[in-house]
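Here's the structure we're looking at; comments come further down.
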Number of protein chains: 4
Amino acid sequence: MDRKAAIRRSAATVFAEQGFDRASIRDVAKATGLSLAGLYYYYKGKDEILFDIQNQAFTTLLESHAKALAGVRDAEQKLRCVVDAHLAFFAEHIAEMKVMSRESEQLGGEYAKQVDELKRRYVRLVRGIVEELKPRADVPAGVAVFLLFGMMNWVYTWYDAKRDGSPAEIARAAQEIFLKGLR
Amino acid sequence: MDRKAAIRRSAATVFAEQGFDRASIRDVAKATGLSLAGLYYYYKGKDEILFDIQNQAFTTLLESHAKALAGVRDAEQKLRCVVDAHLAFFAEHIAEMKVMSRESEQLGGEYAKQVDELKRRYVRLVRGIVEELKPRADVPAGVAVFLLFGMMNWVYTWYDAKRDGSPAEIARAAQEIFLKGLR
Amino acid sequence: MDRKAAIRRSAATVFAEQGFDRASIRDVAKATGLSLAGLYYYYKGKDEILFDIQNQAFTTLLESHAKALAGVRDAEQKLRCVVDAHLAFFAEHIAEMKVMSRESEQLGGEYAKQVDELKRRYVRLVRGIVEELKPRADVPAGVAVFLLFGMMNWVYTWYDAKRDGSPAEIARAAQEIFLKGLR
Amino acid sequence: MDRKAAIRRSAATVFAEQGFDRASIRDVAKATGLSLAGLYYYYKGKDEILFDIQNQAFTTLLESHAKALAGVRDAEQKLRCVVDAHLAFFAEHIAEMKVMSRESEQLGGEYAKQVDELKRRYVRLVRGIVEELKPRADVPAGVAVFLLFGMMNWVYTWYDAKRDGSPAEIARAAQEIFLKGLR
DNA sequence: AATGAATGAGTATTCATTCAT
DNA sequence: GATGAATGAATACTCATTCAT
């Protein structure tokens with residue numbers, strides 16, 4: 001089952017580079033070193049690979065949040081934790097993050113349902129924190145949450161390590177704008 | 001040449017719904033009412049259609065900004081104008097906006113160059129305004145601009161008119177967070 | 001009707017360069033300066049253009065032979081005339097010659113019948129001369145004629161003016177080999 | 001790899017019958033018994049099939065010449081060998097020969113380069129023999145060689161076993177004309 | 001005499017997937 | 001566990017041709 005993790009990583013890289021639709025299963029197989037048919041021993045199909053990537057990534061992300069939030073009481077502090085964790089995850093898993101952000105509507109059926117559930121849990125988590133922050137009346141918490149996700153999830157389209165500093169610095173900027181802006 | 005505009009709209013809708021790669025030229029042709037070969041009378045290929053959509057959309061967007069900014073002196077007011085215009089454009093051209101946000105890396109060669117130039121002009125415009133705002137020292141203007149774009153461009157992934165209010169209200173929320181957050 | 005001659009020439013050039021099948025009617029139209037639909041005013045279809053080229057070329061070739069042979073009595077001299085005329089025609093109408101040699105099996109139906117008749121007349125003419133020459137018993141006149149045509153019609157595949165001298169010199173070489181060889 | 005040889009033969013037949021351009025890959029697939037996609041498992045594209053046919057044919061032809069010429073000293077005898085071998089090959093591989101003669105300009109790029117090199121080697125070989133024959137001063141060896149090739153390569157356009165006798169007899173006629181004619 | 005607009009049928013090629021081994 | 005061989009369905013695109021004007 002360790003093998004699957006390796007395939008997942010290679011596949012994520014390929015999907016991140018070319019996009020899910022443009023990338024062919026052949027490209028994925030080549031990247032993993034397996035033969036085309038060999039890949040099908042591990043995965044039932046292209047969709048399952050994408051599902052596995054997204055599922056794992058969201059699960060990991062949620063876990064890392066749980067860990068980061070343990071023991072934190074202050075709402076502001078909690079939000080900082082979430083943003084830090086999100087962008088730290090981005091920094092370490094650029095390919096996965098790109099795939100998660102861009103290919104979120106490619107899955108259907110049971111796969112979509114499962115990933116959507118994780119996504120909803122994630123949103124609920126952050127929304128809870130935002131509500132604790134008691135934002136200004138003219139900015140609904142529901143909207144605020146998505147604006148925050150926008151700041152974070154868009155990063156993959158423009159981030160350039162040399163020009164923009166470390167992900168932690170981006171996180172800091174987003175935190176400041178969001179927290180101060182919301183008060 | 002009016003015919004091309006109609007094709008552009010239909011194509012944008014198809015690309016928005018299915019994604020550029022998943023949508024087949026046949027789907028686009030069907031949506032326009034033209035035959036497959038008839039479509040090729042107007043466009044050299046799939047790429048050219050995407051280019052035309054993006055090119056037109058960015059050009060229109062830039063024009064609407066120029067109009068909105070005419071006569072405005074105050075930096076804060078300018079930023080409000082830009083966000084309003086961007087989200088108003090989004091409201092009126094959801095399909096085009098989705099295509100612009102999501103399919104920005106599909107073009108290559110000369111097409112990409114031309115669209116990138118427009119994009120850069122747009123970013124420069126907004127960046128100029130952000131710099132006028134004299135943001136806090138711990139948030140570089142370059143990063144701030146992209147965080148703002150993130151808030152705005154991510155909207156297409158979550159916006160639901162019933163739940164989230166009018167685009168103008170979203171604009172208002174983004175403006176408040178960004179302006180207050182940056183001070 | 002003069003216009004048709006011009007089209008014929010342009011089309012022959014296009015067909016010679018690209019081959020009949022590879023060349024599109026669009027290429028032909030472009031070469032003539034006419035619009036695609038305009039070309040169809042003069043010709044019913046692609047086949048008819050090819051037919052016209054071949055028909056004209058063979059007719060002209062036969063006429064030039066008739067002229068060249070007028071008053072010549074000696075069989076050897078006649079054969080020299082034929083070879084000279086054939087290669088002179090080649091020199092002046094390279095494109096047409098290439099098309100005639102290479103695209104001889106593309107026509108069908110009535111077109112093919114008519115061109116074949118001309119071809120047969122041409123072969124019969126030359127064959128008559130070869131028989132007059134009373135070739136050696138071990139070389140049937142029928143075979144000899146086609147070997148001669150082989151020498152002449154293959155020229156378009158290798159002839160290079162700089163390297164190989166004038167067409168008249170090629171003619172001379174073919175005549176000498178054939179006449180001396182046949183005795 | 002034996003499978004490829006079978007495909008090559010079928011494809012050569014199809015190309016010989018219809019011409020390379022007119023023949024569709026579907027026709028070739030049907031002739032081989034493979035599915036359309038199955039064919040692509042063996043060949044990257046239509047061009048590669050044509051290349052393989054021409055490459056193999058020329059290679060075989062050159063080998064059969066090498067064998068035929070082994071031990072022959074007399075120049076005249078050598079030339080007879082070459083003509084015999086060429087027309088014997090023609091007799092056994094009519095389809096390939098037709099394809100080689102007619103579709104010689106269809107290949108481009110690396111494929112063309114490789115086949116051209118074989119062709120040049122073949123011409124050089126025959127040219128060497130013609131020079132040994134010390135042809136008459138008024139017929140340059142370079143031209144003579146191509147006239148000889150013309151006689152031989154044109155055969156596919158007219159040869160009819162019933163009417164014209166065996167290929168060996170054609171060979172005999174060509175040899176006599178060429179050898180006697182050159183002296 | 002000439003053309004812009006349009007199309008049905010066809011082209012080479014690719015893709016995700018399967019299966020016998 | 002893993003693969004070479006094979007396929008049905010789809011893809012972007014081109015072509016010869018037509019027709020209203």
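All chains are named by letter (A, B, ...) in the order of the sequence lines, taking the proteins before the strands, and each is independently numbered beginning at 1.
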Quiz item: In whole Å, what is the span from the CD1 atom of A/I25 to the P atom of E/dT18?
Solution: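 Rounded to the whole Å, the gap is 11 Å.
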Self-check item: Interatomic distance, C/K46 NZ vs F/dA16 P [rounded to whole Å]
Solution: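 Interatomic distance, NZ of C/K46 to P of F/dA16: 4 Å.
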Quiz item: Does A/G45 or D/D47 map to a spot on DNA chain E nearer the 5' end, using the closest nucleotide for each?
Solution: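 It is D/D47 whose nearest nucleotide is closer to the 5' end.
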Just verifying a value: how many Å separate [X] [atom1] and [Y] [atom2], rounded to the nearest 0.5 Å?
{"X": "D/T157", "Y": "C/E105", "atom1": "OG1", "atom2": "CD", "result": "8.5 Å"}
{"X": "D/I94", "Y": "D/M97", "atom1": "CD1", "atom2": "CE", "result": "10.5 Å"}
{"X": "A/K46", "Y": "A/D21", "atom1": "NZ", "atom2": "CG", "result": "5.5 Å"}
{"X": "A/E96", "Y": "A/S101", "atom1": "CD", "atom2": "OG", "result": "11.5 Å"}

Quiz prompt | ring-ring contact (aromatic ring centres under 6.0 Å, His included) contacts touching residues 16-37 of chain A (sequence neighbours left out) | solution =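 Non-adjacent pairs meeting ring-ring contact (aromatic ring centres under 6.0 Å, His included): A/F15-A/F20.
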Quiz item: Can you tell which of E/dA12, E/dA16, F/dA16 lies closest to the side chain of A/R26?
Solution: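 The answer is E/dA16, which lies nearest to the side chain.
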Practice problem: Quick one: stems involving DNA chain F, counted as three or more successive Watson-Crick or G-U pairs, both distances short of 3.5 Å. | Solution: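 For DNA chain F the paired stretches long enough to count as stems (3 pairs minimum) are E:2-21 with F:2-21.
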Practice problem: Under 4.0 Å from any atom of DNA chain E, heavy atoms only: list the residues of residues 48-56 of chain A that qualify, in numerical order. | Solution: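 Under 4.0 Å from DNA chain E: no residue of residues 48-56 of chain A.
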Quiz item: Is there a residue in residues 108-116 of chain C whose heavy atoms reach under 4.0 Å of DNA chain E, and which residues are they?
Solution: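 Contacts with DNA chain E under 4.0 Å: none.
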Quiz item: According to a strict under-4.0 Å criterion, is C/R3 in side-chain N/O contact with OP1 or OP2 of E/dA2?
Solution: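 Yes, within the criterion.
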List for me each residue that meets side-chain hydrogen bond (donor to acceptor under 3.5 Å, both in side chains) alongside [X], sequence neighbours excluded, and say none if there are none.
{"X": "B/E17", "result": "none"}
{"X": "D/S24", "result": "D/D27"}
{"X": "B/Y111", "result": "B/E48"}

Check: residues 50-58 of chain B side-chain donor-acceptor pairs under 3.5 Å, at least two apart:
residue : atom : partner : partner atom : Å
B/D52   : OD2  : B/R8    : NH1          : 3.3
B/D52   : OD2  : B/Y43   : OH           : 2.4
B/Q54   : NE2  : B/E103  : O            : 3.0

Quiz item: Which residues within residues 11-21 of chain B lie with some heavy atom under 4.0 Å of an atom in DNA chain F?
Solution: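 Per residue number, the list is empty: none.
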Quiz item: Which of residues 33-44 of chain B have a heavy atom under 4.0 Å from DNA chain F?
Solution: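 Listed by number, they are B/L36, B/A37, B/Y40.
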Quiz prompt | ring-ring contact (aromatic ring centres under 6.0 Å, His included) against B/F89, all qualifying residues, sequence neighbours excluded | solution =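 So B/F89 forms a ring-ring contact (aromatic ring centres under 6.0 Å, His included) with B/H93.
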Under 3.5 Å, which donor-acceptor pairs link side chains of residues 112-120 of chain D to any protein atom two or more places apart or in another chain?
residue : atom : partner : partner atom : Å
D/E117  : OE1  : D/R120  : NH1          : 3.1

